Amino acid sequence: MRLVFIGPPGAGKGTQAARLIERYSLVHLSTGDMLRAARDAQTEIGRKADAYMSRGELVPDEIILAIVEERLNQPDCARGFLLDGFPRTIAQAEALDRMLAARGTPLDVVLELRVPEEELFRRLAGRGRSDDSPEVIRQRLVAYRNQTQPLLDYYGRTGLLRSVDGVGTVDEVFERIVSLLDAYPAQESRL
Ligand code: AMP
């Protein structure tokens, strides 16, 4: 199964992703994790990305597309993957479509985790990561609204989009996602 997981910062994507990759034996591809690893390793990409990340802004597409393409070329991705935090813009979604079309491995489903903004702010403020100061949180929510929300329309048009209510316990939300994915007809032949 090839899955894109979309949701605002603080929606619980990371937690749910960890469970989903285990349940469906997927590779977890998180561009946020890749960028943080590059930043911690002080690679050139990491240094460039850090300037944007520390302001809560999106890292330029050319940097993101290069790291995603390199990762998708690795053989473990053939068993299926969950993209977490990518694509975040229409341009990234179009580039992903092109990359996957070239490989003959299109997406199966795009999953949106829905959480109201007040709830997100409350959750993020309690998390204490260095990019979680109130101003940076606000900026990240604005970036989501402006740049990522249009993706939902994009994937809505392709018919791949499925939305799940992200409010509730981790177990409740996981069960919602699993019942949706298990009922998803395209999957049976592909899992
Ligand atoms: P995340 O952990 O997914 O919230 O990502 C943390 C930060 O990394 C974001 O606030 C962006 O600065 C950057 N980032 C991660 N993924 C992307 C992406 N697909 N496009 C642009 N910037 C990204």
Side-chain angles (χ1 to χ4, degrees), residues 1-9 11-38 41 43 45-46 48-49 58-114 143-144 147-164 166 173-191:
M1 178 170 44
R2 289 174 295 276
L3 175 77
V4 167
F5 201 13
I6 299 183
K13 266 200 331 276
T15 307
Q16 296 298 336
R19 291 192 171 196
L20 289 169
I21 55 162
E22 205 164 298
R23 171 145 187 145
Y24 297 104
S25 300
L26 304 172
V27 176
H28 186 191
L29 304 180
S30 158
T31 44
D33 286 351
M34 293 179 208
L35 292 170
R36 280 185 286 276
T43 64
I45 281 182
K48 279 189 196 157
L58 293 185
V59 174
D61 286 345
E62 79 227 34
I63 296 180
I64 298 290
L65 294 175
I67 62 171
V68 169
E69 176 132 52
E70 190 192 325
R71 186 64 187 87
L72 284 176
N73 283 337
Q74 290 168 26
D76 59 340
C77 288
R79 72 171 192 256
F81 52 78
L82 180 153
L83 279 163
D84 174 3
F86 174 91
R88 260 179 163 89
T89 64
I90 299 280
Q92 290 180 11
E94 289 170 345
L96 176 65
D97 282 349
R98 284 193 298 271
M99 283 180 216
L100 295 179
R103 291 168 171 75
T105 56
L107 290 174
D108 294 304
V109 57
V110 176
L111 193 67
E112 178 204 6
L113 201 53
R114 278 199 186 156
Y144 181 78
Q147 287 162 288
T148 310
Q149 204 98 334
L151 278 181
L152 300 176
D153 301 330
Y154 178 88
Y155 285 123
R157 282 194 296 276
T158 65
L160 293 178
L161 184 67
R162 300 289 180 276
S163 297
V164 171
V173 175
F174 184 66
E175 281 313 313
R176 276 175 216 148
I177 297 173
V178 165
S179 54
L180 188 149
L181 292 180
D182 283 349
Y184 193 68
Q187 251 189 92
E188 281 157 32
S189 57
R190 284 168 168 157
L191 266 181

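Nothing fancy with the numbering, it's 1 onward along the sequence. The model shown is predicted, which means the values in this text are computed figures rather than measured ones.
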Engineer: What are the two closest non-hydrogen atoms of R176 and G166, and how far apart are they?
Structural biologist: NH1-N, 4.3 Å
Engineer: Just wondering, do C77 and L29 contact through their side chains at under 4.5 Å, heavy atoms?
Structural biologist: yes
Engineer: Which pair of heavy atoms, one from P87 and one from L96, lies closest together, and at what distance?
Structural biologist: CD-CD2, 3.9 Å
Engineer: Can you measure from CD (E112) to CG (L152) and round to the nearest 0.5 angstrom?
Structural biologist: 4.5 Å
Engineer: How many angstroms lie between atom CZ of R162 and atom CD1 of I177, to the nearest 0.5 angstrom?
Structural biologist: 14.0 Å
Engineer: Taking all heavy atoms of Q92 and all of V59, pick out the closest pair and write down the distance.
Structural biologist: NE2-O, 4.5 Å
Engineer: Answer whether the closest heavy-atom distance between the side chains of I67 and L35 falls below 4.5 Å.
Structural biologist: yes
Engineer: Heavy-atom distance under 4.5 Å between the side chains of R71 and V27, does that happen here?
Structural biologist: yes
Engineer: Are the side chains of T158 and V110 in touch, meaning some heavy atoms are under 4.5 Å apart?
Structural biologist: no
Engineer: Which atoms form the tightest heavy-atom contact between L26 and F81, and what is the distance?
Structural biologist: CD2-N, 3.9 Å
Engineer: Taking atom CD as the centre, does Q74 end up with more than 12 heavy-atom neighbours from other residues, nucleotides or ligands that are less than 6.0 angstrom away?
Structural biologist: yes
Engineer: Run V178 and Y24 through side-chain contact (heavy atoms from CB on, under 4.5 Å) and show every step you take.
Structural biologist: CA-CA 10 Å; V178 165; Y24 297 104; 3.8 Å; yes
Engineer: Could you tell me the separation between the CG atom of L161 and the CG atom of L151, rounded to the nearest 0.5 Å?
Structural biologist: 10.0 Å
Engineer: Is it true that, when you exclude R103 itself, more than 12 heavy atoms of the residues, nucleotides or ligands shown sit nearer than 6.0 Å to its CZ?
Structural biologist: yes
Engineer: Atom CG in L100, atom CG in L83: separation rounded to 0.5 Å?
Structural biologist: 7.5 Å
Engineer: Please examine the side chains of L65 and M99, heavy atoms only from C-beta on, and report whether any two atoms are closer than 4.5 Å.
Structural biologist: yes
Engineer: Looking at every heavy atom in both A17 and H28, which two are closest together, and how far apart are they?
Structural biologist: CB-NE2, 3.6 Å
Engineer: For R114 and S163, indicate whether the former's side chain and the latter's backbone hold a donor-acceptor pair under 3.5 Å.
Structural biologist: no
Engineer: Using a 4.5 Å cut-off on heavy atoms from C-beta on, say whether the side chain of E70 contacts that of N73.
Structural biologist: no
Engineer: Kindly indicate whether the side chain of F5, heavy atoms from C-beta on, has any atom under 4.5 Å from the side chain of L20.
Structural biologist: yes
Engineer: Atom CG of L3 and atom CG of L82: how far apart are they, to the nearest 0.5 Å?
Structural biologist: 4.5 Å
Engineer: Would R88 and D61 satisfy salt bridge (Lys or Arg N to Asp or Glu O under 4.0 Å), going step by step from the backbone distance to the final call?
Structural biologist: CA-CA 9 Å; R88 260 179 163 89; D61 286 345; over 6 Å; no
Engineer: With a 4.5 Å limit on heavy-atom distance, are the side chains of I6 and Y155 in contact?
Structural biologist: yes
Engineer: Considering non-hydrogen atoms only, spot the tightest contact between T89 and L58 and give its length.
Structural biologist: CG2-CD1, 3.7 Å
Engineer: Calculate, to the nearest 0.5 Å, the distance between atoms OG1 and CZ belonging to T105 and R2 respectively.
Structural biologist: 4.5 Å
